[in-house]
Amino acid sequence: MNDVMGLENKDGVQTADVISVLLGHVKEGYKFNPDTPLTEGDRNYVSNPSPDDKVHCLVTIVSANSLSLMDQSIINKMKTVKEQANDIDIPQFILLTKIDEVCPLVKKDLKKTYTSKKIHEKINQCSNLIGAPVKFIFPVKNYCYESDTNDPTDILIMLALRHIVSAANDYVASL
């Protein structure tokens, strides 16, 4: 599992570094430099990555309540990474987080997530902005103020996770 910082303009990871991660060229534990991407010849660059070094599924996290505020340069970076993942057939998903903050109906009852017009609008907005198919965008609620887990929140997360793991397994089987 790889986790990289966001694509923010000033302090975010370079698009080239995310693509290097996809391809397995980045050593584990490497600290990304927001000013300069990792290059071939760097001691943290893996020249001949093994299948274990490569990414088997790309999951992007997008906040539902900030979709309309996303800077176009960040959207362009996301599209560039998505296109590279497409080129190498890596399955891709988007977790649309904080859905309870954009829909009062869902805030009251998470079981209404897939019937909420507002959530459908946000999923479509995300799809249009980033160019991802709707069926690969999963709405989820973040655990923020809860001191314990609850089934409706867990069900949304587990549904997304089941699809992610299944796609990653299929990808690995095809290698």
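Model, not experiment: these values are computed from the prediction.
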A.B. asks: Between the main-chain N or O of N76 and the side-chain N or O of T80, is there a donor-acceptor pair closer than 3.5 Å?
C.D. replies: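 Yes.
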A.B. asks: Please tabulate, for side-chain N and O atoms in residues 14-23, each donor-acceptor pair with protein atoms closer than 3.5 Å (sequence neighbours left out).
C.D. replies:
from: Q14; atom 1: NE2; to: P34; atom 2: O; distance (Å): 2.6
from: D17; atom 1: OD1; to: L38; atom 2: N; distance (Å): 2.7
from: S20; atom 1: OG; to: A16; atom 2: O; distance (Å): 3.1

A.B. asks: Regarding S50 and D52, do their side chains bring together a donor and an acceptor under 3.5 Å, going by distance alone?
C.D. replies: no
A.B. asks: Using a cut-off of 6.0 Å, state whether more than 12 heavy atoms not belonging to K112 lie near its atom NZ.
C.D. replies: no
A.B. asks: What class does the angle between the rings of Y45 and H25 fall in, given that below 30° is parallel, 30 to 60° is tilted and above 60° is perpendicular?
C.D. replies: parallel
A.B. asks: Find the distance between CD1 (I157) and NZ (K141) and round it off to the nearest 0.5 Å.
C.D. replies: 8.5 Å
A.B. asks: Could you tell me whether the side chains of T39 and D42 share a donor-acceptor contact shorter than 3.5 Å?
C.D. replies: no
A.B. asks: If you draw a 6.0 Å radius around CD in E28, do more than 12 non-hydrogen atoms from other residues or ligands fall strictly inside?
C.D. replies: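 Not more than 12 within 6.0 Å, no.
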A.B. asks: Between T153 and N150, is a side chain to side chain donor-acceptor pair (under 3.5 Å) present by the stated rule, with each step listed?
C.D. replies: CA-CA 6 Å; T153 301; N150 65 65; 2.9 Å; yes
A.B. asks: Under 4.0 Å between a Lys/Arg side-chain N and an Asp/Glu carboxylate O for K122 and E101?
C.D. replies: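 Between E101 and K122 there is no salt bridge, as every charged N stays at least 4.0 Å from the carboxylate O atoms.
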A.B. asks: Hey, is CG on D87 packed in by over 12 heavy atoms from elsewhere, all under 6.0 Å?
C.D. replies: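 Atom CG in D87 is packed in, count exceeds 12.
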A.B. asks: Could you go through the side chain to side chain contact (heavy atoms under 4.5 Å, CB included) check for H163 and K135 one step at a time?
C.D. replies: CA-CA 10 Å; H163 286 276; K135 70 180 183 175; over 6 Å; no
A.B. asks: Which other residues belong to the hydrophobic cluster containing M158, where Ile, Leu, Val, Met, Phe, Trp and Tyr are joined when side-chain heavy atoms lie under 4.5 Å apart, directly or via other members?
C.D. replies: L161, V165
A.B. asks: If you compare all heavy atoms of N142 against all heavy atoms of K98, which two are closest, and at what distance to 0.1 Å?
C.D. replies: OD1-N, 3.0 Å
A.B. asks: What I want to check is whether the side chains of D148 and Y143 have a donor and an acceptor closer together than 3.5 Å.
C.D. replies: no
A.B. asks: For Y114, check ring-ring contact (aromatic ring centres under 6.0 Å, His included) against everything at least two apart and list the hits.
C.D. replies: none
